[in-house]
Amino acid sequence: MGNLIDIRQVVTQILGFLILLWGLRKFAWGPVLGMLEARRQKIAGEFDLAARKQADAEQLKGRYEQELRNIDAHARQKLQEAVAEGQKVSAEIKAQANKEAADRFARAEDEIAREREKAKELLKRQVIQLSVRGAEKILRRNLDEAAQRKLVGEFIDEVGVLQ
């Protein structure tokens with residue numbers, strides 16, 4: 001019992017351990033490291049894909065925002081055009097209404113002037129008739145009716161000229 005450590009056994013265990021390490025390195029570490037590398041590349045690829053998709057999404061977002069701005073600008077322009085058209089139509093309607101009112105006023109003035117002339121003529125005839133009747137009573141048969149009308153008409157014309 002003098003020797004507790006058996007050198008052959010230690011050397012055999014070291015040799016077995018080195019062979020195990022070599023076998024693990026050749027057969028286990030290679031595939032494990034390969035799987036880890038493949039996994040790393042897959043994750044890096046997924047990150048690259050996610051980054052590309054995010055960039056595409058940002059680009060698409062920018063395009064949509066630009067389209068929205070264009071739509072807003074177009075809508076504002078259409079609204080301004082509609083307001084301008086409404087103002088134009090309103091002005092045309094006002095102008096037409098003013099013209100119609102002026103035309104009606106002119107026609108009314110013309111009609112009033114004609115009616116005034118008719119009334120003057122009617123009044124003149126009535127005055128002549130009244131004058132003739134009055135003169136008939138005064139002159140009674142001294143003048144015939146035509147001479148009386150002529151005399152009264154001349155009198156009324158003189159009165160009209162004096163006014």
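Here the structure is a predicted model, which is why all the values come from computation and not from measurement.
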Notebook entry, point to check: Considering the options Thr12, Ile7, Ile14, Asp6, which one meets the side-chain contact (heavy atoms from CB on, under 4.5 Å) requirement together with Val10?
Noted result: Ile14

Notebook entry, point to check: Do Gln66 and Arg69 have side-chain atoms, one donor and one acceptor, less than 3.5 Å apart?
Noted result: yes

Next item on the list: Starting at CG of Leu21, measure out to CZ of Arg25 and round the result to the nearest 0.5 Å.
Entry: 10.0 Å

Note to self: Rounded at 0.5 Å granularity, tell me how far CZ in Phe17 sits from CG in Leu24.
What the structure shows: 8.5 Å

Margin query: Taking salt bridge (charged side-chain N to carboxylate O under 4.0 Å, His left out) as the definition, give me every residue that meets it alongside Lys42, ordered by chain and number, with sequence neighbours left out.
Written below: none

Notebook entry, point to check: By side chain to side chain contact (heavy atoms under 4.5 Å, CB included), which residues pair with Arg76, not counting sequence neighbours?
Noted result: Asp72, Ala73

Notebook entry, point to check: Under a 4.0 Å N-O cut-off, is there an ion pair linking Glu115 with Lys118?
Noted result: yes

Checklist line | Side-chain donor-acceptor contact under 3.5 Å, Glu37 with Gln41 | finding: yes

Checklist line | Working for salt bridge (Lys or Arg N to Asp or Glu O under 4.0 Å), residues Asp110 and Arg114 | finding: CA-CA 6 Å; Asp110 290 344; Arg114 282 192 303 273; 5.0 Å; no

Notebook entry, point to check: Mind checking who shares a hydrophobic cluster with Ile19, ILVMFWY linked at side-chain heavy-atom distances under 4.5 Å?
Noted result: Leu15

Margin query: Atom CD of residue position Gln54 - does it have more than 12 heavy atoms of other residues, nucleotides or ligands inside 6.0 Å?
Written below: no

Notebook entry, point to check: With a 4.0 Å cut-off, would you call Asp56 and Arg52 a salt bridge?
Noted result: no

Margin query: Measuring from atom CD1 of Ile71 to atom NZ of Lys78, what distance do you get when rounded to the nearest 0.5 angstrom?
Written below: 13.5 Å

Item checked: Beyond-backbone contact of Val89 with Glu85, side-chain heavy atoms, under 4.5 angstrom -> yes

Notebook entry, point to check: When rounded to the nearest 0.5 angstrom, what distance separates CZ in Arg40 from CE in Met35?
Noted result: 15.0 Å

Next item on the list: Side-chain contact test, heavy atoms from C-beta onward, threshold under 4.5 Å: evaluate it for Gln9 versus Gln13 and give yes or no.
Entry: yes

Check: If we ignore angles and hydrogens, is there a donor and acceptor under 3.5 Å between the side chains of Glu100 and Gln96?
Finding: yes

Check: Would Ile43 and Arg39 count as a side chain to side chain contact (heavy atoms under 4.5 Å, CB included) if you check the C-alpha gap in whole Å, the side-chain angles of each, and the deciding distance to 0.1 Å?
Finding: CA-CA 6 Å; Ile43 290 171; Arg39 177 75 176 151; 3.8 Å; yes

Note to self: Let me confirm one number: the CH2-CZ distance from Trp22 to Phe27, rounded to the nearest 0.5 Å.
What the structure shows: 5.5 Å

Checklist line | Lys124 with Glu121: basic N within carboxylate O range, under 4.0 Å | finding: no

